[in-house]
Number of protein chains: 2
Amino acid sequence: MKLNTKTRYGLRAIIEIAAQENNKGILQKTIAETQGISVKYLDQIISQLKAANLISTKDGKKSGYQLTKNASEISVYDIYKAFNSPLKLIDCFDSEYSCAKIPYCASHNYWYKLNKQIIDYMESTSLETLTKDHKKLTKNNDELMFYI
Amino acid sequence: MKLNTKTRYGLRAIIEIAAQENNKGILQKTIAETQGISVKYLDQIISQLKAANLISTKDGKKSGYQLTKNASEISVYDIYKAFNSPLKLIDCFDSEYSCAKIPYCASHNYWYKLNKQIIDYMESTSLETLTKDHKKLTKNNDELMFYI
DNA sequence: TTGTAACCTACTTATCCGATAGGATTAAAA
DNA sequence: TTTTAATCCTATCGGATAAGTAGGTTACAA
């Protein structure tokens, strides 16, 4: 029960992309510096966000990433799925691995409900919400820095 | 984001222990057979339940396991913790691994809330509830079998 | 004193994860 | 047209962890 780093970094990266002002595109390098992630590692992370069709870019020099759709249409679960297969806390949710006892298995039902609850949580939050939070928090931070 | 097999098997095993009729103690062997788990593997699992002080037994021949307290006083999270360290979806919940940006990190807050929600879910369900479910389900199963 | 069950510890194997590395491709800029 | 700076793509390495196996020791009832 751990979140892998790619998902963690990936969410932070896409928030950075969503939070840019003029929407002209933001560079890998910039994100890496802001987030303190190695450029090379972020490289892979961003390519997975792209493969999931959540962000887009132009090739070559002077490029930069943007969202492919409105932040309100992207859920955290969408982002999660860019780095993981659909959430299955246990394998026997899947018919392929299921055992004959499932209809009589209290544990199975219990974990299944938890699984659903986690997915619901991630689906019910949009990137827009997190980006707003992010802006609020960093704004406060800037003001704070000003007075120090 | 996977539940490990020990937690999965462990829950099933302790339900079996809680569900026994006369409370005279149930043998590893019996649990292993009912649940279809290798005796040797279950051996380790049960020893972890015991180390967590959830079940007790006598040594030697003619032994058998019981709960150390009432099933209503044991939460699923107690059982979870017999096989895992306290749930931390990401390391930086911990002050030891925390970074300076946490107060301004929207992602951190988000995962933290999910983490709490999962713990709440596991804490709010008692072994008693699951055992009742189990009995209901297996009862139906037996009746069903009778008519086949 | 013998058989059975719990108890304890070590080991093997496989898989996944985080991270690094090197180079290919593309397009803007010089 | 050449250079430069960025994305893009693939391979690989080391470490950690997990699942399961195995062997032997201890305790107790018959």
Side-chain angles (χ1 to χ4, degrees), chain A residues 1-14 16-17 24-33 35-66 68 80 82-85 88-92 97, chain B residues 1-14 16-17 24-33 35-66 68 80 82-85 88-92 97:
Chain A
M1 291 276 269
K2 280 272 174 204
L3 207 69
N4 59 34
T5 36
K6 284 196 177 173
T7 310
R8 213 153 42 85
Y9 288 172
L11 180 60
R12 280 160 53 188
I14 201 171
E16 206 76 37
I17 293 169
K24 275 192 171 176
I26 182 170
L27 299 181
Q28 266 187 19
K29 209 174 131 192
T30 314
I31 302 172
E33 280 165 6
Q35 294 289 337
I37 306 169
S38 121
V39 186
K40 275 296 188 182
Y41 193 32
L42 187 68
D43 199 355
Q44 294 176 39
I45 290 164
I46 282 182
S47 88
Q48 283 181 258
L49 286 172
K50 211 182 166 190
N53 204 33
L54 298 174
I55 59 173
S56 66
T57 187
K58 287 177 299 178
D59 262 10
K61 204 174 166 175
K62 189 137 196 192
S63 185
Y65 298 91
Q66 301 116 5
T68 53
Y80 176 89
F83 302 101
N84 305 272
S85 45
K88 285 195 200 81
L89 289 182
I90 59 180
D91 282 331
C92 56
Y97 297 102
Chain B
M1 292 276 269
K2 279 273 174 205
L3 206 69
N4 59 34
T5 37
K6 285 196 176 174
T7 310
R8 212 153 42 85
Y9 288 172
L11 181 60
R12 279 161 53 189
I14 202 171
E16 206 76 36
I17 293 168
K24 275 192 172 174
I26 183 170
L27 300 181
Q28 267 188 19
K29 208 175 134 192
T30 314
I31 302 173
E33 279 165 7
Q35 293 291 336
I37 306 170
S38 121
V39 186
K40 276 297 189 182
Y41 193 31
L42 187 68
D43 199 356
Q44 294 175 38
I45 290 164
I46 282 183
S47 88
Q48 282 180 260
L49 286 173
K50 210 182 165 189
N53 204 33
L54 298 175
I55 59 174
S56 66
T57 188
K58 288 177 297 177
D59 260 12
K61 203 175 167 178
K62 192 137 194 190
S63 185
Y65 298 91
Q66 301 116 7
T68 54
Y80 176 89
F83 302 100
N84 307 272
S85 45
K88 285 196 198 81
L89 288 181
I90 60 181
D91 283 330
C92 58
Y97 297 101

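Side chains included, hydrogens not; waters and symmetry mates left out as well; all remaining heavy atoms used. Order of the sequence lines fixes the chain letters, A, B, ..., with proteins taken first and strands second; residue numbering starts at 1 for each chain.
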Report the distance from atom CD1 of Ile31(A) to atom C1' of dT7(D), rounded to the nearest whole Å. 12 Å
Just by protein heavy atoms under 4.0 Å, how would nucleotides 12-26 of chain D read 5' to 3' in B, S and -? -------SBB-BB--
Does Phe83(A) reach a base, just sugar-phosphate, or nothing at all? Heavy atoms under 4.0 Å. nothing
Between Val39(B) and Lys62(A), whichever has its closest DNA chain C nucleotide further toward 5' is Val39(B)
At under 4.0 Å between heavy atoms, what does Ser47(A) touch on the DNA or RNA strands: base, sugar-phosphate, or nothing? nothing
Nucleotide dC9(D), atom P - distance to CD1 of Ile45(A) in whole Å: 16 Å
If you count every heavy atom of other residues, nucleotides or ligands that lies below 6.0 Å from Lys29(A) atom NZ, does the total exceed 12? no
Return the value, rounded to whole Å, for the distance between atom CD1 of Ile90(B) and atom P of dC17(C). 17 Å
Whole-Å distance, Leu27(B) CG to dA6(C) C1', equals 10 Å
So, OP1 or OP2 of dT7(D): does either fall under 4.0 Å of a side-chain N or O from Gln28(A)? yes
Using a heavy-atom cut-off of 4.0 Å across all strands, would you classify Ile46(A) as base, sugar-phosphate, or nothing? nothing
Between atom NZ in Lys2(B) and atom C1' in dC17(C), what is the gap in whole Å? 15 Å
